[in-house]
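Written below as structure tokens is the structure these notes are about.
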4 protein chains.
Amino acid sequence: MARPETPTTRARWDARRAEVIGRAAHVFARRGYDQTSVPELAEALEVATGGIYHYFSGKEQLLIAICDQLMEPLLAEAEELVATDAPAREQLRDLVRRWVANVVDHQDHMLVFQQERHLIDHGAQWREVRESRKRFERLVQDVLARAQAEGGGTPVDPRLQLSALLGMVNHTAQWYRPRGRLSPAEIADGYVDLVLMGR
Amino acid sequence: MARPETPTTRARWDARRAEVIGRAAHVFARRGYDQTSVPELAEALEVATGGIYHYFSGKEQLLIAICDQLMEPLLAEAEELVATDAPAREQLRDLVRRWVANVVDHQDHMLVFQQERHLIDHGAQWREVRESRKRFERLVQDVLARAQAEGGGTPVDPRLQLSALLGMVNHTAQWYRPRGRLSPAEIADGYVDLVLMGR
Amino acid sequence: MARPETPTTRARWDARRAEVIGRAAHVFARRGYDQTSVPELAEALEVATGGIYHYFSGKEQLLIAICDQLMEPLLAEAEELVATDAPAREQLRDLVRRWVANVVDHQDHMLVFQQERHLIDHGAQWREVRESRKRFERLVQDVLARAQAEGGGTPVDPRLQLSALLGMVNHTAQWYRPRGRLSPAEIADGYVDLVLMGR
Amino acid sequence: MARPETPTTRARWDARRAEVIGRAAHVFARRGYDQTSVPELAEALEVATGGIYHYFSGKEQLLIAICDQLMEPLLAEAEELVATDAPAREQLRDLVRRWVANVVDHQDHMLVFQQERHLIDHGAQWREVRESRKRFERLVQDVLARAQAEGGGTPVDPRLQLSALLGMVNHTAQWYRPRGRLSPAEIADGYVDLVLMGR
DNA sequence: TATGAATGAGCCTTCATTCAT
DNA sequence: CATGAATGAAGGCTCATTCAT
């Protein structure tokens with residue numbers, strides 16, 4: 001729980017912490033957050049029960065950490081990407097590709113994220129996660145609007161378009177299998193085609 | 001838990017049970033299934049703690065009943081609809097309209113359904129619910145394929161198209177508000193336009 | 001719970017009550033008093049849950065009634081018997097015969113009685129049952145002492161002799177089977193032979 | 001519940017477990033097994049409610065452990081004893097002495113054992129206890145038969161003799177007081193005299 | 001740093017009992 | 001008289017968390 005101060009041990013601590021987060025996401029995704037007891041979790045993580053509390057002050061903090069590990073790299077990439085001066089449709093394509101790649105790389109995190117949406121939406125300690133999500137959605141909305149404008153408008157309501165895209169991409173976590181027919185990039189491109197109606 | 005045998009009392013029992021299911025869906029959607037204790041639930045349902053067990057043999061059975069109340073009317077309507085001899089694109093449009101209407105009418109049920117997907121996918125008592133869902137998805141897949149064929153094919157992978165449609169429609173439960181700009185039918189039509197890329 | 005006043009209905013009420021007691025003894029003997037719920041009991045008795053409360057003010061009263069149904073006829077017979085002017089050894093033999101007959105006829109009652117001894121010994125409402133038992137034991141003790149005196153004493157401690165006899169006879173409820181090799185009277189005679197060491 | 005693996009801690013765990021069993025027997029004997037709630041029990045045992053579950057997987061397992069703690073040493077002693085080449089009547093006397101000593105040393109265990117006979121006889125998890133009891137009874141039966149044969153037979157049915165002995169000895173738990181007139185050995189000898197009718 | 005026994009609050013469920021029908 | 005739905009207290013048990021080792 002107390003991050004060490006010497007750089008070497010701190011790096012080791014961070015690495016161990018990150019690993020615990022990833023494994024926990026896996027366990028929570030299958031068994032559910034609430035339905036996984038801390039002893040069960042500890043067993044799956046190959047630490048003693050109390051060991052978890054070296055990295056997290058409580059079970060809910062671990063859940064928050066899972067969401068952070070999901071959102072942070074995505075948000076960083078996305079913000080970097082929209083800062084380029086590429087055409088909007090190219091930005092959109094790149095954004096959706098990275099987004100899908102993130103979903104696919106953090107499939108368990110996504111499933112947990114969706115399961116615990118009620119906590120994210122209403123929980124007291126979840127403001128930060130809530131805002132990350134909003135920030136990301138606004139960013140997508142913006143790129144989408146610009147891409148649409150470039151293409152000469154659309155008969156479909158822009159907000160519906162955004163919701164549809166969010167729905168498609170997030171839903172990917174529920175069916176994607178690593179050895180599937182389509183690569184993450186192909187999936188992303190398919191989504192862009194649909195949402196822009198091929199224009 | 002024991003459905004009465006006399007028709008009159010049985011009707012009353014069924015009505016009360018259905019009402020309890022609906023209210024429970026509402027509470028679970030906000031607070032989460034596991035994070036809602038049975039006493040809390042009972043209070044929201046305006047029955048005594050033990051009263052719940054007159055209608056359900058346990059908390060999990062209540063959750064199953066919520067999913068049944070969501071799936072059954074949808075599946076019945078959908079099966080009736082695809083049995084008509086209307087053109088596939090018309091069938092698709094009708095199907096998505098009814099589907100969206102069902103999501104909108106059972107918004108809380110849908111949110112609960114999504115939260116507890118890990119139970120639905122892995123739980124021992126969930127086989128029936130699992131099969132209803134699969135049946136519905138196959139039905140959508142079929143209509144979609146026929147509609148596509150009528151329109152002369154598409155550059156987008158058919159399975160991706162299906163997944164995208166499932167993602168969009170299900171995601172609707174997360175943002176729909178009764179007084180929003182778009183009616184359920186308009187939302188549905190928008191989805192069909194996107195998934196068929198306007199053809 | 002309220003015994004009727006008209007003689008005819010009262011007789012019917014008494015008969016029904018007695019039958020309920022006997023059946024309850026049977027159920028309690030197999031499943032245990034505490035481990036038999038009132039709904040379970042009601043089902044075995046073929047009445048509705050609430051029906052039991054027409055004859056007994058509560059579950060524990062029913063248990064007391066079982067003990068009364070066991071003790072009352074035994075005590076009545078025993079008191080009548082020791083009032084005769086037969087020789088003590090004959091009285092002893094008759095007493096043990098009736099006692100064993102009572103155990104055999106109320107086998108379930110006896111098993112329940114033994115299971116719930118801690119209640120009988122310590123329970124607040126059990127004074128009457130406690131005293132019946134004591135009265136009976138003193139009666140046996142008295143006959144036994146007189147029989148012993150007639151026989152010219154014994155090398156075995158008289159109280160031990162009493163305890164042994166109580167132990168043997170009560171234990172009979174645990175192994176007696178109606179179609180066994182020995183009749184209740186033969187069993188009783190065997191006990192008397194042992195306790196008097198054949199004198 | 002999970003016995004430790006290191007010898008030192010295992011010894012401590014075993015000792016604590018044994019102590020808990022003994023104390024639980026005491027509480028159950030007075031208040032009854034079912035009528036003692038786990039919080040009540042925990043208080044008497046001076047552990048927290050949940051602490052009990054470190055040593056037993058459930059309340060019923062604790063009850064089984066009480067019966068094991070009663071039967072195991074008795075059975076071990078008895079088997080050792082009958083393996084000697086002493087005359088049968090001497091073996092019988094020694095056996096009953098040890099048996100009575102065991103009853104007296106485990107008086108509470110015996111009372112619990114008798115209260116919960118319906119569980120022992122019918123319970124699913126009780127097979128082992130059931131078989132221990134049967135094994136002991138057969139052992140007594142055997143010694144008794146041989147002792148009888150040495151003495152030249154008896155007019156009393158051998159099985160009745162066995163039942164009577166079982167009844168006497170077990171019943172001892174219900175009246176024995178440590179400061180009583182008779183020592184356990186004297187009690188045992190009295191029982192042997194009665195059952196052999198002084199021969 | 002890591003452990004896992006111990007805690008006691010809280011969980012789901014069942015209970016004996018009541019009372020409108 | 002009889003019913004069985006409803007009550008809410010209490011049941012056994014599991015939980016997230018702590019802390020002596």
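Chain letters run A, B, ... following the sequence lines, proteins first and then strands; every chain starts at 1.
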Problem - Summary of protein contacts for nucleotides 14-21 of chain E, nucleotide by nucleotide, where a base hit scores B, a sugar-phosphate-only hit scores S (4.0 Å, heavy atoms) - result: BSSBB---
Exercise for the section: Any chance you could lay out the side-chain hydrogen bond (donor to acceptor under 3.5 Å, both in side chains) test for B/Q125 and B/Q61, step after step, and finish with the verdict? Expected result: CA-CA 9 Å; B/Q125 320 179 51; B/Q61 290 303 318; 2.4 Å; yes
Handout entry: side-chain hydrogen bond (donor to acceptor under 3.5 Å, both in side chains) assessment of A/Q115 paired with B/E116
Key = CA-CA 6 Å; A/Q115 272 167 35; B/E116 299 303 322; over 6 Å; no
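Residue contacts shown for B/Y55 are limited to sugar-phosphate atoms, with no base heavy atom under 4.0 Å away.
Taking atom CG of residue B/L45 and atom P of nucleotide F/dG8, one finds them 15 Å apart after rounding to whole Å. If you measure from atom CZ of D/R10 to atom C1' of E/dA5, you get 17 Å, rounded to the nearest angstrom. Per the geometry, CZ belonging to D/F56 stands 15 Å off P belonging to F/dT14, to the nearest Å. In this structure, D/Q61 places its CD atom 12 Å from P of F/dT14, rounding to the nearest Å. For B/W13 and F/dA6, the CH2 to C1' distance is 15 Å, given to the nearest whole Å. To the nearest angstrom, P of F/dG8 lies 12 Å from CD of B/E43. Rounded to an integer number of Å, the gap from A/L41 CG to F/dC15 C1' is 13 Å. Atom CZ in B/R17 sits about 14 Å away from atom P in F/dA6, given to the nearest Å.
Heavy atoms of other residues, nucleotides or ligands lying less than 6.0 angstrom from CD of D/E128 number 12 at most. Environment of CD in D/E19: crowded, with over 12 heavy atoms of neighbouring residues, nucleotides or ligands closer than 6.0 Å.
Considering all non-hydrogen atoms of both residues, C/E60 and C/W126 come closest at OE2-NE1, 2.8 Å.
Under the rule for a ring pair (Phe, Tyr, Trp, His ring centres under 6.0 Å), the partners of A/H106 that lie at least two apart in sequence or sit in another chain are A/H109.
Under a cutoff of 6.0 Å and an axis angle of 45°, A/K59 and A/Y53 do not form a cation-pi pair.
Stem list for DNA chain E (at least 3 consecutive Watson-Crick or G-U pairs, distances under 3.5 Å): E:2-21 with F:2-21.
Between B/W13 and B/Y55, the ring planes are tilted. Angles from 30° to 60° get that label.
Map C/E46 and B/R16 each onto its nearest nucleotide of DNA chain F; the residue landing nearer the 5' end is C/E46.
Under a 4.0 Å N-O distance rule, the pair B/R30/B/D108 qualifies as a salt bridge.
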